[in-house]
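Working notes for the structure below.
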Amino acid sequence: MGPAGGAVRPGRFYGVYLLYCLNPQHRGRVYVGFTVNPARRVQQHNGGRKKGGAWRTSGRGPWEMVLIVHGFPSAVAALRFEWAWQHPQASRRLAHVGRRLRGEAAFAFHLRVLAHMLRAPPWARLPLTLRWLRPDFRQDLCLPPPPHMPLAFGPPPPRGSVPRCHTSPRADTEPGMDPGAAEACCTLCAQLLQDEEGPLCCPHPGCPLRAHVICLAEEFLREEPGQLLPLEGQCPSCENSVLWGDLVWLCRMGTEEEEESESEEEHWTDMLE
């Protein structure tokens, strides 16, 4: 597994969460939603519609955010996951999941659906993390998540700003060669790296790997020739195991301000509710 483990990878946070109602009159109700800021979002739900909460949760609190799935590459990917989790019978990818059983609690049913979702394409190949925000609510899923999806506990750590990938000076640069030229070439194909391509860099300290996305994907997929998207592989430079999701996150990492994340969530919330 890559160095990030169950931690939130640098960059934008996109999560799909499960709320549990603690109100004795509505206890056991659940709600699935999308967020870029879990702490703020649960406060909005408990504050009601006037505070930005959803109409289905307004006036029925308190609500507790008990688990969240995060690591989606984009808001659209997270929203599609949210919709399928909310409407499993309408999703063609979940046609094999049975309807809610008589006497089955809503919480248990949503966990059963989630277990199948994490094993179904395209979600099964995403670098997702299943995080229990309330460990006392934790239950083993009827199907374990894929091995590359870590299980984490507690609130997500604060989003950190990590410097963009760079390479260490190469000790094997030929005499007379411009060091900048060496750094501008793909480690695998030796062709120039274009600035707009965003080369992939190994997250392990001191590793000089810089590669085209296609080159490294082909390298990783040698072990899975029938797949289009790698899950993980061995870095050809330092030979450490690396998750594909970690490489992509480091490549796409931005330094957006929190206000941009807030406005983005409000935009999606307004569209969906």
Side-chain angles (χ1 to χ4, degrees), residues 5-9 13-49 51-72 75 77-88 91 94 97 99-101 103-120 123 126-146 149-159 261 265 268-269 272-273:
V8 176
R9 297 177 177 86
F13 180 95
Y14 302 112
V16 180
Y17 58 85
L18 183 66
L19 290 183
Y20 185 89
C21 184
L22 300 179
N23 187 324
Q25 294 182 341
H26 307 284
R27 190 176 182 86
R29 288 183 182 235
V30 297
Y31 177 88
V32 172
F34 157 81
T35 187
V36 297
N37 187 321
R40 188 188 70 243
R41 190 64 184 137
V42 73
Q43 290 178 356
Q44 291 174 326
H45 279 295
N46 285 320
R49 286 286 288 172
K51 298 294 184 178
W55 69 267
R56 282 186 290 173
T57 60
S58 183
R60 295 187 173 123
W63 294 88
E64 190 74 27
M65 191 178 289
V66 297
L67 71 85
I68 188 167
V69 179
H70 59 84
F72 296 95
L79 287 163
R80 287 174 175 168
F81 188 92
E82 176 202 30
W83 183 88
W85 198 1
Q86 292 173 338
H87 309 92
S91 173
L94 300 175
V97 180
R99 292 181 175 273
R100 182 176 171 184
L101 303 174
E104 184 178 25
F107 184 66
F109 172 66
H110 280 74
L111 291 185
R112 179 160 62 88
V113 173
L114 175 62
H116 286 279
M117 291 182 69
L118 296 179
R119 285 284 182 175
W123 308 300
L126 293 180
L128 302 177
T129 294
L130 175 61
R131 178 176 296 274
W132 285 95
L133 303 174
R134 281 282 302 266
D136 53 318
F137 275 78
R138 180 201 169 178
Q139 296 182 19
D140 291 332
L141 302 185
C142 60
L143 294 173
M149 294 185 186
L151 185 66
F153 298 90
R159 297 190 314 163
S261 294
E265 181 175 15
W268 289 112
T269 301
L272 296 173
E273 296 179 355

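Count residues from 1 along the sequence. Nothing here was measured: the structure is a model prediction, and the numbers come from that model.
- Considering every non-hydrogen atom in both A84 and M117, the closest pair reads CB-CE, 3.8 Å.
- Within the 3.5 Å criterion, the main-chain N or O of R131 finds no donor-acceptor partner in the side chain of T129.
- Summarising the geometry, atom NE2 belonging to H110 is positioned 8.0 Å from atom CZ belonging to R100; distances are rounded to the nearest 0.5 Å.
- Distance CD1/I68 to CG/L18: 10.5 Å, rounded to 0.5 Å.
- Across all their heavy atoms, G28 and A106 have their closest contact at O-CB, 3.9 Å.
- Listed for the R119 side chain is a donor-acceptor partner under 3.5 Å among the backbone atoms of P144.
- To the nearest 0.5 Å, atoms CH2 (W83) and OG (S91) are separated by 5.5 Å.
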For this session: Evaluate the side-chain contact (heavy atoms from CB on, under 4.5 Å) criterion for residues V36 and Y14: first the C-alpha distance (whole Å), next the side-chain angles of each, then the deciding distance (0.1 Å), finally the verdict.
Result: CA-CA 5 Å; V36 297; Y14 302 112; 3.9 Å; yes

For this session: Any chance you could lay out the side-chain contact (heavy atoms from CB on, under 4.5 Å) test for L22 and R27, step after step, and finish with the verdict?
Result: CA-CA 5 Å; L22 300 179; R27 190 176 182 86; 3.7 Å; yes

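- Interatomic distance, L118 CG to L143 CG, rounded to the nearest 0.5 Å: 9.5 Å.
- Every ring pair (Phe, Tyr, Trp, His ring centres under 6.0 Å) that Y20 has, sequence neighbours left out, goes to F107, F137.
- A donor-acceptor contact under 3.5 angstrom links the side chains of R41 and Q44, judged on distance only.
- Closest heavy-atom contact between L67 and W85: CD1-CH2, 3.8 Å.
- Side-chain N or O atoms of Q86 include one that pairs as donor or acceptor with a backbone N or O of V32 at under 3.5 Å.
- Residues M149 and L130 fail the side-chain proximity criterion, which asks for heavy atoms closer than 4.5 Å.
- Using a 4.5 Å heavy-atom cutoff, the side chains of L114 and V69 are in contact.
- Among residues two or more places apart in sequence or in another chain, the side-chain hydrogen bond (donor to acceptor under 3.5 Å, both in side chains) test is passed with R80 by none.
- When all heavy atoms are compared, the tightest approach of H116 to C142 is NE2-SG, 4.3 Å.
- Between E104 and R99, the shortest heavy-atom distance links the atoms OE1-O, 4.4 Å.
- Using bins of under 30°, 30° to 60° and over 60° for the plane-to-plane angle, the ring pair W63/Y31 lands in the perpendicular bin.
- Checked against side-chain hydrogen bond (donor to acceptor under 3.5 Å, both in side chains), R138 has the following partners two or more places apart in sequence or in another chain: D140.
- For the atom pair NE2 (H87) and CG (L94), the distance works out to 12.0 Å, reported to the nearest 0.5 Å.
- Between the side chains of H45 and Y17, a donor-acceptor pair is found at a separation under 3.5 Å.
- With rounding to the nearest 0.5 Å, the separation of CE in M65 from CG in L133 is 7.0 Å.
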For this session: Starting from the C-alpha separation in whole Å, work towards a yes-or-no answer on side-chain contact (heavy atoms from CB on, under 4.5 Å) for F72 and L126.
Result: CA-CA 7 Å; F72 296 95; L126 293 180; 4.1 Å; yes

